[in-house]
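Everything below concerns the one structure shown next.
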Amino acid sequence: MTDAEQPCPSCGRPTPADARCSYCATVTDLDLKSLQLDYLKASETEDHEDLLPNTVAITVQKTGQRVPIRSQKIKIGRGPSNQVIVPDDTFASRNHAWITYEDGEFWLEDLGSTNGTLLNGHPVVKRQVLSSGDKIRVGHTELTFEVEKN
């Protein structure tokens, strides 16, 4: 990295000091700030169950770890600020993908990750509706999206 470059705050790639990272250009700073603020607001809410109609979780296939989804927006990636963290997968971006709940549907969207996101083996090029049992792949990590009807 030269003196005229600095690490991108999202993915860590060398980026010219006065420019946006070309790898993260599809996600704006406002999108990330909005996601973080929404998550913080949701985690301050006393009753998380009011946010979602069902019990929802992501299961990491390799470890069996089950991560409950308690807010309407969650971020998946290698970075510690994510709600679903895949720390040992160097093929996952720091901020890889997010899942949102809007208008009664769960949506998966890639956040401009280097290696892309797969949904049931197919690349996510635009946001996709999720169904219970769907397989999400970020880097080399496979996750299962689960919705339990109440």
Side-chain angles (χ1 to χ4, degrees), residues 1 5-15 19-45 48-49 51-149:
M1 199 175 320
E5 294 179 327
Q6 60 188 9
C8 170
S10 296
C11 71
R13 294 185 184 284
T15 305
R20 286 205 36 87
C21 175
S22 60
Y23 293 98
C24 298
T26 57
V27 180
T28 67
D29 291 336
L30 289 176
D31 289 337
L32 291 174
K33 285 203 183 298
S34 171
L35 175 65
Q36 290 168 342
L37 288 173
D38 288 349
Y39 185 76
L40 289 173
K41 286 178 191 171
S43 48
E44 290 171 2
T45 306
H48 295 292
E49 303 306 317
L51 296 175
L52 301 173
N54 301 306
T55 302
V56 182
I58 295 284
T59 301
V60 180
Q61 291 306 302
K62 184 177 181 178
T63 64
Q65 176 190 13
R66 191 168 188 273
V67 181
I69 297 175
R70 294 191 174 104
S71 67
Q72 294 181 355
K73 293 184 182 182
I74 65 143
K75 203 167 43 162
I76 304 168
R78 200 170 23 92
S81 66
N82 293 294
Q83 291 74 47
V84 178
I85 301 171
V86 288
D88 299 329
D89 188 343
T90 58
F91 289 90
S93 296
R94 287 193 182 145
N95 299 305
H96 200 101
W98 66 11
I99 294 174
T100 57
Y101 180 74
E102 300 170 37
D103 301 323
E105 298 279 332
F106 289 94
W107 297 84
L108 173 67
E109 185 172 4
D110 185 79
L111 292 175
S113 65
T114 303
N115 295 312
T117 302
L118 299 178
L119 176 61
N120 298 322
H122 301 285
V124 176
V125 292
K126 60 179 185 172
R127 63 188 218 142
Q128 301 281 316
V129 173
L130 287 170
S131 299
S132 188
D134 280 347
K135 303 292 185 198
I136 301 166
R137 181 172 291 274
V138 295
H140 288 292
T141 303
E142 186 168 290
L143 312 164
T144 301
F145 178 76
E146 302 168 348
V147 178
E148 297 174 8
K149 300 290 183 193

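For the numbers below, each heavy atom of this structure counts, side chains included, while hydrogens, waters and symmetry mates do not. Keep in mind it's a predicted model, so treat the numbers as computed, not measured.
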Any donor and acceptor pair, going by atom type alone, linking the side chain of [X] with main-chain N or O of [Y] inside 3.5 Å?
{"X": "Glu109", "Y": "Trp98", "value": "no"}
{"X": "Asn115", "Y": "Val138", "value": "no"}
{"X": "Ser71", "Y": "Lys73", "value": "yes"}

Could you walk me through whether Leu119 and Leu130 pass the side chain to side chain contact (heavy atoms under 4.5 Å, CB included) check? CA-CA 9 Å; Leu119 176 61; Leu130 287 170; 3.5 Å; yes

Tell me, do [X] and [Y] make a side-chain contact under 4.5 Å, heavy atoms counted?
{"X": "Pro123", "Y": "Leu118", "value": "yes"}
{"X": "Thr141", "Y": "Ile76", "value": "no"}
{"X": "Val67", "Y": "Ile74", "value": "no"}
{"X": "Thr117", "Y": "His96", "value": "yes"}
{"X": "Gln128", "Y": "Asp134", "value": "no"}

Tell me, please, which residues at least two apart from Asp88 pass side chain to side chain contact (heavy atoms under 4.5 Å, CB included). none

Roughly how far, to the nearest 0.5 Å, is [atom2] of [Y] from [atom1] of [X]?
{"X": "Asn120", "Y": "Leu108", "atom1": "CG", "atom2": "CG", "result": "10.0 Å"}
{"X": "Glu142", "Y": "Arg137", "atom1": "CD", "atom2": "CZ", "result": "5.0 Å"}
{"X": "Arg78", "Y": "Asp89", "atom1": "CZ", "atom2": "CG", "result": "8.5 Å"}

For the residue pair His140 and Phe91, does the interplanar ring angle fall in the parallel (under 30°), tilted (30 to 60°) or perpendicular (over 60°) class? perpendicular

Please name all residues satisfying salt bridge (charged side-chain N to carboxylate O under 4.0 Å, His left out) with Glu146, sequence neighbours left out, ordered by chain then number. Arg66

Applying the ring pair (Phe, Tyr, Trp, His ring centres under 6.0 Å) criterion to Phe145, which one of Trp107, Phe106, Tyr101 satisfies it? Phe106

Which heavy atom of Lys126 sits nearest to which heavy atom of Val124, and what is that distance? O-CG1, 3.2 Å

Identify the heavy atoms of Leu111 and Asn95 that sit nearest to each other, and give their distance. CB-O, 3.6 Å

Kindly check if the number of other-residue, nucleotide or ligand heavy atoms within 6.0 Å of NZ (Lys135) is above 12? yes

Qualifying residue, where the test is side chain to side chain contact (heavy atoms under 4.5 Å, CB included) with Val60 and the options are Leu143, Thr144, Ile85: Leu143

